[in-house]
Amino acid sequence: MDLKAQLKAAVERAAADLGAPVDAAIQETPANKPGDYGTPAAFQIAKALGQNPAQVAAGLAERVQLPEGISRVEAAGPFLNFFVDVGAFVRGVVEKPFEMPPLGGKVVIEHTSVNPNKELHVGHLRNVVLGDSMARIFRAAGHTVEVQNYIDDTGRQAAESLFAESHYQRVWDGVQKYDHWMGEGYVRLNADPAKPSLEEGISAVMHRLEAGELRGEVEKVVKAHLATCFRLGARYDLLNWESDVVGSGFLTQAMTILEGSRYTTHPTEGKYAGAFVMDVSEFMPGLEEPNVVLLRSDGTAMYAAKDIGYQFWKFGLFEGMRFKPFLTDPEGHTVWTSAPGGQPDLERRFGHAQEVINVIDSRQDHPQTVVRSALGVAGEGEKKERSVHLSYAFVTLEGQTISGRRGIAVSADDAMDEAENRALKVLAEINPDLAARADAHEIARRIGIGAIRFAMLKAEPTRKIDFRWEQALALNGDTAPYVQYAAVRAASILRRAQEAGHATDGTGADWDALADLDLGLAKMVARLPEVVAQSVRVHSPHVVAQYALDLATAFNAWFNAKDRAGKPATNVLQSPAGLREARLALVARLRRAFEETLDLIGIEVPAAM
RNA sequence: GCGCUCGUAGCUCAGGUGGAUAGAGCGUUGGCCUCCGGAGCCAAAGGCCACAGGUUCGAGUCCUGUCGAGCGCGCCA
């Protein structure tokens, strides 16, 4: 049990003794307030007992049993504040690895799901980075995570790009990135005044796609997409193809389940005559039109019905899909794909989620709520509650709406190229020796990709992002390079200590020599598990990104701290023996915290900067 | 019209289940290398937390309303 949990229990016991059981909140005391952790519990107790909060706090202070590691308690007016034993606390933090109480349950996260007809643009980056970071965070929190990427291989967009290829007799030179090349045909077709007369040909391609005849063509685009996503650091477990979702009978099975619901009907008259309709008003109050058409009166399926079938499958409501390995990712893990000729999933390896997170932009809020409601309609109330739409605001480009069709976009590949180039340029300016090293490109890669990822997730997903080079690729301020720099600095201290023969593992440490400055840093490190828990709770990685900044700020402030005489107050290597080893151990733990935290959002620490 | 999301410093954003004097970055101004890395640190200036009510011992946070912004509302995908 960690310290805060122990404090909470202690306060609650004391409150119970006073005759007023409470749910005590333990929080860090604000700067300039006495103590390290405190609770406003006296307010609640005073109210229950009809007494003065300050007196209650004083009473609690006398009564509360201090857990180990707490040196004293003090009532500050109505607040009850605890002072930690500095040496014991820091030692505890240093010796305790990052770990989370294991959470059970499998989580399926769907992200990316980019139409396979054109290269990714900067707007897609947000989706990929959000989804990939959530996957990392949920894994760290102890969940089993399966990342799925939905391939819409029967859609109009894929058909148009493939049609353009033959219509314009385009030939790929084998050099240009394949998805970019396909995208050019798509843009050309949509700028072609003759396009309205080409519908027949496009339609024919759609039929061939549905028949699975062009799977190989689509796969080439998908592989090009994955190259982009891998470069960003994203990883996948399974590709689900729309044609397979349909071909596996998910639609039929889902409709069979919904047939049994009292919320679905086959109206025989009125505007929905002949259709299969779902009434979602109980799950989506306030709608003008509570009915959702699932099957048209001609028997064909609405898109929503396919989505519902897929979502039902993710939760394991039925089986029927076949799978085979698709390719190997940069870490050597196999990415699987649905496939007509694959093997049945006898071990129930895929799907069967306890929770499903769909990363889709906020324009899909309404359709996603319909999909979610369908679980309620099917009588799966618990699964409905654990069906999460991670909704984010669509990215604009210099104030303009991004449009792949009209070619108004900056590609994800170009953005990453530019980010790495800028990082390399800055490196050459401020650290020419480093820029001449053999690993300069790897350093620039980590900085550039880190900067982009961080820019895409440091704010809440509901925030609009207007992509501008200067801020997306900024290397100062609230950015990944700021955090990376702090981590590199920490490593630099450790390296020099090792060169000088000092222990960095706490051997020979005099913990009691540590000061309040050091304590502040240790308290920041200790927050990581709570941060992860909160990120999981709110389904957003921005919490982790903000924490990474806090960690770096705390370290930089500590690193530069001056005493009253204006001399460095925390110089590790020049600290007296004992204190030096304690501080080195703290820096070593902090360095790990940087790596652990940045890894949660898919950012790597460079060897040097 | 209805629904969803949002409104915090000049700009971009943080702000655990409501708790102590609302915090960062960018920009502006002024400082800091006799000291482990200046992509850094310190300081100053900058706030009716959109507005009005309400709940509460306590509201940036919860509720209602108003104003403003974005998005969505098809037997399309």
Side-chain angles (χ1 to χ4, degrees), chain A residues 23 25 27 29-33 38-41 43-44 46-47 53 76-79 81 115 152 154-157 271-277 284-289 292-298 300 302-304 306-307 361-367 369 391 393-394 423 426-427 429-431 447 458-460 462-466 468 470-471 474-479 481-482 484-486 488-490 492-497 500 527 530-531 533-534 537-538 542-543 545-546 549-550 552-553 556-562 566-568 570-575 583-584 587 608-609:
Chain A
D23 177 20
Q27 50 209 200
T29 55
N32 308 326
K33 291 291 174 205
T39 178
F43 283 110
Q44 294 161 261
K47 189 175 173 72
F79 290 92
N81 292 341
N115 276 314
D152 183 1
T154 62
R156 184 176 180 85
Q157 324 229 26
K271 65 173 176 172
Y272 296 122
F276 181 45
V277 177
M284 300 173 69
L287 289 179
E288 281 182 304
E289 174 52 73
V292 175
V293 174
L294 296 171
L295 301 178
R296 302 185 186 91
S297 45
D298 66 4
T300 56
M302 294 284 287
Y303 191 82
K306 295 184 203 172
D307 251 9
D361 78 73
S362 65
R363 294 174 304 186
Q364 298 287 323
D365 282 352
H366 183 78
T369 310
S391 170
F394 203 68
V426 171
L427 197 62
E429 280 167 16
I430 65 183
N431 200 337
I447 294 170
K458 70 177 172 185
E460 289 181 291
T462 52
R463 292 283 173 193
K464 288 167 253 209
I465 291 182
D466 186 30
R468 291 171 194 273
E470 315 81 62
Q471 58 190 62
L475 306 175
N476 306 322
D478 283 348
T479 64
Y482 173 78
Q484 290 168 321
Y485 182 71
V488 166
R489 238 181 185 179
S492 174
I493 294 173
L494 297 172
R495 192 188 62 244
R496 295 188 54 140
R527 275 180 50 200
E530 294 171 54
V531 168
Q534 193 197 349
R537 195 163 57 243
V538 302
H542 86 280
V543 181
Q546 291 294 330
L549 289 173
D550 288 344
T553 301
N556 280 328
W558 175 84
F559 181 87
N560 284 290
K562 305 278 197 295
K567 300 288 184 209
T570 56
N571 190 307
V572 179
L573 298 178
Q574 295 187 12
S575 298
R583 282 183 165 153
L584 281 170
V587 171
M609 286 179 78

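In the text below, chain A, chain B and the rest are named by the order of the sequence lines, each starting its count at 1.
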Which nucleotide in the list [options] gets nearest to the side chain of [X]?
{"X": "R489(A)", "options": "C36(B), G15(B), G38(B)", "answer": "G38(B)"}
{"X": "V426(A)", "options": "A39(B), C75(B), G15(B)", "answer": "A39(B)"}
{"X": "D365(A)", "options": "C6(B), C4(B), G19(B)", "answer": "C4(B)"}
{"X": "N556(A)", "options": "C57(B), G40(B), C71(B)", "answer": "G40(B)"}
{"X": "D478(A)", "options": "A24(B), G19(B), C76(B)", "answer": "A24(B)"}
{"X": "N476(A)", "options": "C75(B), C26(B), C41(B)", "answer": "C26(B)"}
{"X": "N560(A)", "options": "C36(B), G19(B), G40(B)", "answer": "G40(B)"}
{"X": "N431(A)", "options": "G37(B), G19(B), A14(B)", "answer": "G37(B)"}
{"X": "A608(A)", "options": "G19(B), C36(B), G37(B)", "answer": "G37(B)"}
{"X": "F559(A)", "options": "G38(B), A39(B), U17(B)", "answer": "G38(B)"}

If we take the [atom1] atom in both [N] and [M], what is their distance in whole Å?
{"N": "G46(B)", "M": "G23(B)", "atom1": "P", "value": "15 Å"}
{"N": "G54(B)", "M": "G72(B)", "atom1": "C1'", "value": "31 Å"}
{"N": "G7(B)", "M": "C51(B)", "atom1": "C1'", "value": "11 Å"}
{"N": "A14(B)", "M": "A50(B)", "atom1": "P", "value": "14 Å"}
{"N": "U61(B)", "M": "C75(B)", "atom1": "P", "value": "40 Å"}
{"N": "C13(B)", "M": "G18(B)", "atom1": "P", "value": "26 Å"}

Relative to the 5' end of RNA chain B, which residue comes earlier, I465(A) or A25(A), by the nucleotide with the nearest heavy atom?
-> I465(A)
Starting at the 5' end of RNA chain B and moving along, which residue's nearest nucleotide shows up first, A31(A) or R495(A)?
-> A31(A)
With side-chain contact (heavy atoms from CB on, under 4.5 Å) as the test, would you mind laying out the steps for R489(A) and N556(A) before giving the verdict?
-> CA-CA 9 Å; R489(A) 238 181 185 179; N556(A) 280 328; 2.7 Å; yes
Rounding to an integer number of Å, can you tell me how far [X] [atom1] sits from [N] [atom2]?
{"X": "N571(A)", "N": "C33(B)", "atom1": "CG", "atom2": "P", "result": "16 Å"}
{"X": "L287(A)", "N": "G72(B)", "atom1": "CG", "atom2": "C1'", "result": "11 Å"}
{"X": "K33(A)", "N": "U21(B)", "atom1": "NZ", "atom2": "C1'", "result": "7 Å"}
{"X": "W558(A)", "N": "G40(B)", "atom1": "CH2", "atom2": "C1'", "result": "15 Å"}
{"X": "I430(A)", "N": "A39(B)", "atom1": "CD1", "atom2": "C1'", "result": "5 Å"}
{"X": "E289(A)", "N": "C76(B)", "atom1": "CD", "atom2": "P", "result": "14 Å"}

I want to check something: taking the side chain as every heavy atom from C-beta on, are [X] and [Y] in contact at a cut-off of under 4.5 Å?
{"X": "Y482(A)", "Y": "T553(A)", "answer": "yes"}
{"X": "V587(A)", "Y": "W558(A)", "answer": "yes"}
{"X": "I493(A)", "Y": "F559(A)", "answer": "yes"}

Donor-acceptor pair present, E288(A) side chain and G1(B) base, under 3.5 Å | yes
What does [X] touch in the nucleic acid at a heavy-atom separation under 4.0 angstrom: a base, only the sugar-phosphate, or nothing?
{"X": "T462(A)", "answer": "sugar-phosphate"}
{"X": "A273(A)", "answer": "base"}
{"X": "G286(A)", "answer": "sugar-phosphate"}
{"X": "T369(A)", "answer": "nothing"}
{"X": "M609(A)", "answer": "base"}

Assigned glycosidic conformation for G54(B) [threshold 90° from 0] | anti
Value for OG1 (T154(A)) from NZ (K306(A)), rounded to nearest 0.5 Å, stands at 5.0 Å
Can you measure from CZ (R527(A)) to CD (Q534(A)) and round to the nearest 0.5 angstrom?
-> 8.5 Å
May I ask you to verify if any side-chain N or O of [X] is less than 4.0 angstrom from the OP1 or OP2 atom of [N]?
{"X": "R496(A)", "N": "G37(B)", "value": "yes"}
{"X": "Y482(A)", "N": "G38(B)", "value": "no"}
{"X": "R463(A)", "N": "A14(B)", "value": "yes"}

Measure from the ring centre of F43(A) to the centre of the six-membered ring in the base of G58(B), then say whether that distance is under 5.5 Å and the planes meet at under 30°.
-> no
Could you tell me whether R468(A) and D466(A) have a side-chain N and a carboxylate O separated by less than 4.0 Å?
-> yes
Pairing nucleotide - A45(B), Watson-Crick or G-U, each distance under 3.5 Å = none
